[in-house]
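Taking it in order: structure first as structure tokens, then the write-up.
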Amino acid sequence: MNIKTPRSSFPMIFVLWAAGLGAAAQYGKISVIFDQLPTLYPEAGPALGFVVSLVGLVGIFFGSMAGLLVARISYRRALIWGLWAGAAMSALQATTLPLGWLLASRVVEGASHLAIVVAAPTLIAQPALPGQRGFALTLWGTFFGVAFAVLAWAGRPLVALWGIPALFAAHALYMAAFAVLLGSLLPRLPDTALVDRLSLRALLRDNVAVYRSPATAAPAAGWLFYTFCFVSLLTVLPPFLEPQTRAFVLGAMPLASIATSMTLGVFLLRHISAVRVIETGFGSAALASLWLITDPGAPAGCLVLSCAMGLVQGASFAAVPQLNGVPSDQARANGALAQAGNLGNTIGTPVMAAIAIEFDHTGLMLMAAAMFFGGLLVHALLAQARRLA
């Protein structure tokens, strides 16, 4: 899809990014009020955990396949369908569904989420001029952090005033508004979808091809190491921070990551490749982790660690179009990225928590350093594979 016009580039980029905030809110709307869900479902017990995890599990199993399907059915159609499906599920949830139906709606939301996070960054890369692309995709990389911050600041007060259904209703209206807006803004192109006959065999064959390619697989390979660490460190690190600085450090870490991504990260992307920026971020994060072993809980060390991770955050999305020039390959790479991110977020926290319990702070930070070095190494190896291909 070619939607490239210099004057309209930035407005379209920001609208697509704003639509992505709705996709991030499919996680965040549950996470920020998870402690209040027992008031709606007092008999649910441990089953409530699936209300959060089902969206991620869909991404783990079908992330890369979603990239293949989106590339075949068209990015515009996938994005708008994903937004409408998300709006419909939130509207249903606002009626206070029985737990079983709530869980079923979260599975549908998982599919909706995948359609949006594969189609939107692929579309963002198209209108951006070469000098804008680094900024555009770095901006996209902030969508989770910004959405969670907005939900924490505005979502919880809304729930305090009007109850949990009000938050779901607000999310439904947001998703529907962007479905209508993008339906009018994104140009309709000739229907070239489904040129190839869809079959399970073809999808499985193409799925293997995604991960065999050092170009389509590279952003996802590094993203797995990043997502393994990001949420898990914010979750497991607090007991090791000084009580008087704990709130400040935990609030500042994600903001420092976003700020670095949008400033230093964008600057570096104008001068060096996205993969080099990712490698710089991973290497710096590994060194910051080792620093925190020598000075546990140091606020400066925690913020440097977050800043380093911010370089990985934005550049990982910018690497997709740099390594994959064709939109269909970008969609495949974005699907793999979504799959790796869901896997990293799912396994990172329990693994890091177990290491912290068994080996204390030193073990936690050694594991973090090992994962960051692993991200650096996998990108270096895949870069070598691309040079030899």
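In this chain, residues are counted from 1 in sequence order.
- Of all heavy-atom pairs between Trp84 and Ala176, the closest is CZ3-CB, 3.8 Å.
- Note: Ser306 OG to Phe230 CZ = 6.5 Å, rounded to the nearest 0.5 Å.
- A distance of 9.0 Å separates CE in Met309 from OG1 in Thr227, rounded to the nearest 0.5 Å.
- With rounding to the nearest 0.5 Å, the separation of OG1 in Thr280 from CG in Leu376 is 8.5 Å.
- In this structure, OG1 in Thr39 is found 7.0 Å from CG in Leu37, a value given to the nearest 0.5 Å.
- A distance-only check finds a donor-acceptor pair linking the side chain of Thr95 to the backbone of Leu92 [under 3.5 Å].
- Side chain of Thr260 to backbone of Ala256: a donor-acceptor contact under 3.5 angstrom is found.
- Proximity of a side-chain donor or acceptor of Arg212 to a complementary backbone N or O of Ala217 within less than 3.5 Å is not detected.
- Here Met352 contributes atom CE and Ile347 contributes atom CD1; the two are 11.0 Å apart, rounded to the nearest 0.5 Å.
- Here the CG-OG1 distance, from Asn334 to Thr122, works out to 4.0 Å after rounding to the nearest 0.5 Å.
- A donor-acceptor pair under 3.5 Å is absent between the side-chain atoms of Ser213 and the main chain of Ala209, judged by distance alone.
- A tilted orientation is assigned to the rings of His379 and Phe282, their planes being inclined by 30° to 60°.
- Checking side-chain atoms of Thr294 against main-chain N and O of Trp291 turns up a donor-acceptor pair under 3.5 Å.
- The number of heavy atoms from other shown groups lying within 6.0 Å of OH (Tyr41) is above 12.
- Gln93 contributes no side-chain N or O that, together with a main-chain N or O of Phe168, makes up a donor-acceptor pair within less than 3.5 Å.
- A donor-acceptor pair is defined here as one N or O able to donate and one able to accept, closer than 3.5 Å; no such pair exists between the side chain of His361 and the backbone of Ile293.
- Under 3.5 Å, the side chains of Gln330 and Tyr75 contain no donor-acceptor pair of N or O atoms.
- Using a 4.5 Å cut-off between side-chain heavy atoms of Ile, Leu, Val, Met, Phe, Trp and Tyr, Leu388 forms no hydrophobic cluster with any other residue.
- Arg246 CZ: more than 12 foreign heavy atoms inside a 6.0 Å radius.
- The main-chain N or O of Ser328 is found under 3.5 Å from a side-chain atom of Arg332 such that the two form a donor-acceptor pair.
- Closest heavy-atom contact between Arg76 and Leu186: NE-O, 3.0 Å.
- Relative orientation of the Trp17 and Phe14 rings is perpendicular, given thresholds of 30° and 60° on the angle between their planes.
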